[in-house]
Amino acid sequence: MGTIGLVIAALAGVMIAVIGVLFLARPRTIAMTFGLPALPPEEATPWLRLKGIRDLTTGIVAVTLLLLAPPTVVGWILLAYAIIPVGDAAIVLAARGDAKAAWGIHGATAVIMIIGAIFLLST
């Protein structure tokens, strides 16, 4: 079960790093998939890149922890990181954005991360 949790943690770390790179490289294009009802004005694009650098860093930290920390520590960190997609889903829903994106992307990500954390914490 610990292996499943580690695989989930690794995938979560790599995927958030990839999303960070996409927000740095193509911020407006990737932002359209987030689920919010409107994009910020063109001159606010640097704010999207701020999200990119934070996501990239979050992914790098997650992968670093996988290499250096015991599985239970990775489990607690994965559980803490699950707050991010929960918050993203709440923000999309509060903004009357795309409910399918809120639940299907952000909500599903949170559930998978929580399952991975449970696997890691039960070893």
Distance (rounded to the nearest 0.5 Å) between Leu22 CG and Lys51 NZ: 10.5 Å
Verify the cluster assignment for Leu121 and Ile112: are they in a single hydrophobic cluster under the rule of side-chain heavy atoms below 4.5 Å apart? no
Run the side chain to side chain contact (heavy atoms under 4.5 Å, CB included) test against Ala25 and tell me which residues pass, sequence neighbours left out. none
Mind checking what makes side chain to side chain contact (heavy atoms under 4.5 Å, CB included) contact with Val73, not counting sequence neighbours? Ala69, Pro70, Ile77
Are Ile30 and Val18 connected, step by step, through hydrophobic side chains (Ile, Leu, Val, Met, Phe, Trp, Tyr) whose heavy atoms are closer than 4.5 Å? yes
For Phe119, what residues pass the ring pair (Phe, Tyr, Trp, His ring centres under 6.0 Å) criterion, not counting sequence neighbours? none
Mind jotting down which residue pairs meet the side-chain hydrogen bond (donor to acceptor under 3.5 Å, both in side chains) criterion with at least one end in residues 57-74? Sequence neighbours excluded, please. none
Please say yes or no: joined through hydrophobic side-chain contacts below 4.5 Å, possibly via intermediate residues, are Ile114 and Ile8 part of one cluster? no
Using the rule that two of Ile, Leu, Val, Met, Phe, Trp, Tyr join whenever any of their side-chain heavy atoms come within less than 4.5 Å, decide whether Leu66 and Ile84 are in one cluster. yes
Could you identify which residues cluster with Val21, counting Ile, Leu, Val, Met, Phe, Trp and Tyr as linked when any side-chain heavy atoms lie under 4.5 Å apart, either directly or through a chain of such contacts? Leu24, Ile53, Leu56, Ile60
Approximate separation, where rounding is to 0.5 Å, of Thr33 OG1 and Ile105 CD1: 6.0 Å
Leu120 to Gly2 - nearest heavy-atom pair and separation: CD2-O, 3.5 Å
With side-chain hydrogen bond (donor to acceptor under 3.5 Å, both in side chains) as the rule and sequence neighbours excluded, what pairs involving residues 5-26 come up? Arg26-Thr29
Work out which heavy atom in Leu78 is nearest to a heavy atom in Ala12; give both atom names and the distance. CD1-CB, 4.3 Å
Would you say Ile118 ends up clustered with Leu79 if hydrophobic residues are merged whenever their side chains have heavy atoms under 4.5 Å apart, either directly or through other cluster members? yes
Residue pairs meeting ring pair (Phe, Tyr, Trp, His ring centres under 6.0 Å), one or both in residues 37-82, sequence neighbours left out, come to none
Note: Ala89 and Gly107 closest approach over all heavy atoms is CB-N, 4.3 Å
Listing request: all salt bridge (charged side-chain N to carboxylate O under 4.0 Å, His left out) pairs with a residue in residues 60-83, at least two apart in sequence or in separate chains. none
Might you point out which heavy atoms bring Ala9 and Val74 nearest each other, and give the distance in Å? CB-CG1, 3.8 Å
Which pair of heavy atoms, one from Pro37 and one from Gly97, lies closest together, and at what distance? CD-CA, 3.7 Å
For Leu11, the rest of its hydrophobic cluster, which grows through side-chain links under 4.5 angstrom: Val7
Show me the pairs that pass salt bridge (charged side-chain N to carboxylate O under 4.0 Å, His left out) and involve residues 92-120, at least two apart or across chains. none
Using side-chain hydrogen bond (donor to acceptor under 3.5 Å, both in side chains) as the criterion, list what pairs up with Thr45, not counting sequence neighbours. Arg28
Here the ring pair (Phe, Tyr, Trp, His ring centres under 6.0 Å) pairs for residues 1-42, sequence neighbours left out, are Phe34-His106
Heavy-atom closest pair, residues Ala62 and Gly13: CB-CA, 3.8 Å
